[in-house]
Each structure stands twice: as C-alpha cells, then as structure tokens.
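All remarks here apply to the structure that follows.
Every chain is numbered from 1 and lettered A, B, ... according to where its sequence line falls, protein lines coming before strand lines.
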Amino acid sequence: MSRPVRTRFAPSPTGYMHIGGMRTALFNWLWARHCGGTFILRIDDTDQQRNMDEALGPILRAFRWLGLNWDEGPEVGGDYGPYYQSQRGDLYQAAVDKLLAEGKAFKDFDPPELVKADREAAEAEKRNYLNVRRSLDLSAAEVADLEAQGAPYVIRFLVDRTASIAITDHVRGDVQWECAQMPDPVIMRSNGSPLYNFATVVDDIQLEISHVIRAEEHLANTAVQALIYQALGAELPEFAHIPFVAAPGTTKKLSKRDVGKYRNNPQFRKLFDLADTTLPRLGLEVSDALNPVMVSFYEEIGFLPEAILNALARLGWSYDDKTENMPLDFIVENFTLDRVVKASAGFDPDKLLAFQEHWVAQRPLEERVDRCLPYLQRVGWIGETASNEERGYVQRLLVALADRIKVFSDIVGYDEYFVADDALTYDEKALEKRVRKSEVAVTLLRGFRDQLATTESFVAADLDALLHQFVESQGAKIGDIIHALRLAVTGKPAGPGMFDCLELLGRDRCLNRIDLLLAKVN
RNA sequence: GGCCCCAUCGUCUAGAGGCCUAGGACAGCGGAUUUUCAGUCCGCGAACUGGGGUUCGAAUCCCCAUGGGGUCACCA
C-alpha cells in the first residue's frame, strides 16, 4: 500500500467536457497533488473513429482553463505511453492471450443474434440473464475448425460462478458481490478491439495506477474489473467511488442527455437564462457542446476558474463545518478521501454563482478590465486592440458597476455606455411611468438640462451637489427627477449611482441624450 | 426485475454515543443604508424518513420498513 500515488482521468473523446466528469477529474487531480503523486490523462478511445483533434480539443482545453495540469498523457507524453487506448492494442492482446492460455477467458462463437435472443428469453421469463456458455462445450478441434473457416467470435472473461469478490472502497467501505449471477463479460470484440471493463484494467495495471477515483456509477463495474485484476495476477488498486453529481434539486445523475429538461428546472433556470441572453450577443448559441452542463459554457460566459473549482470541490467534499471559500492550493493541501461524502450531490447553480461573486471580488481591477475587454471587442464596442482611452473608460465603468458584474460577459449587457446616443434603447415600462406620466419630471429634467450645460465641473460629487441645489431651488425632491434623468441618459431604470453615470458618459452625451428624450416625449 | 449504493434545513454540508434546545454556507423572507439596481449590515424561518432494538444516554451503532438512486451492451 505504499506505492507511489498515481491517479488518472480517462475521458472518452466526445467533443465536450461534462461538468460532472470535470469534478471526477478534479478529485483525481487533487488526490495526486495532495500526495505529491502523478496525475495522468489517458484517452479511452477504443470505440471512437472520429476526428481526434475535434473530439479531444475541448476536453484538454477545459483542463487548461481550470489549471489542472497533467503529468502524463496527450501532448506531454510520459514513460508509460502511449496514452491513447487505440494505440495500446498490443497490451490488450497480450493480456487476452494470457487469459486464454490459462483458461480464464474463452472464445465465444455465438452470433450476436443468438446472444440477443438469450437475453430476451431471460427477460421474458423474468429470469436474470446469464450468458449461455455454448462455446465452452466445443472441442479444441471444433474451435480450430471454426477459426479456420473464419467464423467470427468474441472473447469472454470466464467468471468463476462459485466465487465472490470484495473490495474496500475509500468512500463506500466494504462492498462485495457474489459471482453466481454474473454474466461472462465480453472483453474483446469480434474485430479485436478491447472493451472498456477490460481495457481499463489492463491500462490501470500497466500505468501503475494506485488509486482509482471515479463516480459511483462505476461501482457495479468494479466487481468484474476486480475479477480481471485477480485473473491477471495484479494487485488491486485502491478504490474510491465518489458520489455522482446530480441535477440541481434532484438525486438523479446530471446527464448531457437531459439538457433539454434542465431548462425547466427552477434552480438551473438562472444559468439557462444567462446562456440565452448572453450567448447570442457573443455570436454563440446553446448547443450540445455549449450549455450549463458543459465546462466550456462557464469559460465562454466568463466565470473564473477559481469559482468553478471551488464549487466542484465542495460537491461531495468539505473541509470542515464552516469553510466555504477555498483557493485551489488550500484545497490541495487539505483534500483527503475520507472527507468525501457518500450521498449524491446536487449541482447548485446558486452556490456556484455565489462562489463566482466571491472570487470576482478578490480580483484586482486591472484583471477585471482585462477579462471584460475581450467581450467588448467581440461585440464590436471597442477596437480590436483597445486604446488606452478605451481601456481607461472601461476601467472607470467597472468601478461604477462594482459588484454588478457577476460573470465577465455581463459587461455586454451595458450597451448604454457604448452605443451612439440615438441608438439608445429605452425600457418602455419605466419610461411610461417615470417620464410620460410625470409632467413634474419632464419639467425638472428640462431645467436641469440647462444646469448641466453650464456647470463647470462634470465630476460625480459636484453633479451630486448641483442636482441637490437644483431640486431645492425648485421646491422639489430628488426622487421627482432622478428616475427620469436616469432613463434619459441610460435608457434603463436601474444601474450604477446616478452621478457616476453622468460623469462616465460626459457632458456632451448626457445633454444629447436628454434632448433626445425630451424630443421623444413632446 | 436482479445486484449494488444512499438517506441531516429548499440546496451543499458539519456531526464519527453525551459538547446538539443539531453548527455553517447558499437560496428564501424581514429590516437598515440608498435616487434605482447590485452590494453591505442586522435579523427570521428552515432538517436528523419511519419503526424496532443496543445503551444511563442515539442524528450518530444494529435490524427491518419506506423512499431515492446507480447499474445490468460486441458504450465509456
């Protein structure tokens, strides 16, 4: 039990990185880093024949974005490579040959249709399905004959149905199974490619994986895998079956297949709303690869890696009874398997947003500017290379916006600070209430417009004083005009402090916009 | 259905027999600040699935029930 810690995450190249899978990867990464061990990325592509760059790109990108580096795997290589299952055929073949030679596996010549019929028959009789070992009755000569004829066959691992198998799991404790009802799993297809349950064991042995940390949904697979370890004469790794990530507010596994349903999930709503309003502005749209179940969504929409990492780490793991906000290095230092809970953990968008707010608040202004600029460039509100002037303006805007920017793409919702005066859009409802139905407001606005035109200083504090003096001289209250003023210069009923808005926009734009509104209501 | 796993506030969790009239965080609600929104501050409501045991004592241990979930491929 004292071998070096080596953990792995073995994604299938699907073209996207699932948030639940990312959490599993994170736990593997954390354990390796906590122990000063090695974290490996292995690509489980035994069943894949698509474009590898396209399929793997988003996955590696997610790891890079979150800063989860891998010590061995694609692009970085390593002493145990290759790290693509599709390139490790020799290993699987050798293992199969060994099992075959020792009588621990057999060639099954039953055609797929027959196997299927067996299964359906069992089902019809409400009997538990067990594969029928017809091929086991074949003599050596018959087998040789069939092979000579080129008859297709799969290779099955021969389960000892009198045995039982047990593991000690770091989160589940002791778990055991009786093998009596266990079908002999196919370990190699008729085309010679290995199946997951087999390949993963062969790989984990060869890669000297010390801890297999994976989601609970793999617990059932573990029985046959453990049997294969034994048959191959290998020591079992340590297992830790962590709870799976559930859909918000449910105990059902978060699944890419249910993305459509999640739209109606009240707790998921916020994220989908964010996706629906912001993605299109960025020239993107919700898709199978880009939605709140996928890591790329959070990157595109402008979440901070710290927030995602913090939220993911807290899904099924805790440090103590009060610590919530934790930077990665703290988590690495304190992450242990014994503090992983057993019950499934529902992904909580609200909590994620809260982590995001916390970590954004920690970032220096300069960095927040840097993170917002790309979005503004994407929508064309500032130049491809931001001028110092533009940068300064965005910086002042961010100061005024303060905590209102939750995710960095939120900045594209503040078009009023960038569009031409005559392109400003107005909140109709507020306009009706605050301007059209309020003669006082219009009158005051007209009067204050002249004050703004002639006042010397156009900085927030002075404008504040100016307006207060003005309303006092008119025998009015600030509330009588301020909403109309806000509508006039920003078109919106809410936003940063009024005087910050005025200063930010500057005299010309303010006057121009007030005139435009006044003309509009007359 | 077989096998396996799980069960504390709405959610994420703390809790490893007395520290629990069950703690924290998020969300919710109320109040304060304020020109709006966001924020901030203060406060409130909110949970041990049920039943049997074991024990002086159980959220914590055991059993049963109930409920929820996962998995049963020539997918990973």
Establish, yes or no, whether a centroid distance under 6.0 Å links the rings of A:His218 and A:Tyr196.
yes

Using the P atoms only, state how far B:C29 lies from B:G10, rounded to an integer number of Å.
16 Å

Pick the C1' atom in B:A22 and in B:U40, then give their distance to the nearest Å.
29 Å

Expressed in whole Å, how much space separates the C1' atoms belonging to B:G69 and B:U49?
15 Å

Rounded distance in Å between the C1' positions of B:G51 and B:C4
25 Å

Contact class for A:Leu315 (heavy atom, under 4.0 Å): base, sugar-phosphate, or nothing?
sugar-phosphate

Does A:Asn221 make a side-chain donor-acceptor contact with the base of B:A76, cut-off 3.5 Å?
yes

Scan every strand shown for a Watson-Crick or G-U wobble partner of B:A58, both distances under 3.5 Å, and answer none if you come up empty.
none

Among B:C74, B:G69, B:G39, the one nearest any side-chain atom of A:Leu195 is B:C74

When you measure only distances, ignoring hydrogens and angles, does the side chain of A:Arg404 come within 3.5 Å of the base of B:C37 through a donor and an acceptor?
yes

Could you tell me how far B:C3 sits from B:C12 if I compare only their C1' atoms? Round to whole Å.
30 Å

If I pick the P atom on B:A7 and the same atom on B:U11, what distance separates them, to the nearest angstrom?
14 Å

Contact class for A:Arg339 vs. all strands (heavy atom < 4.0 Å): base, sugar-phosphate, or nothing?
sugar-phosphate

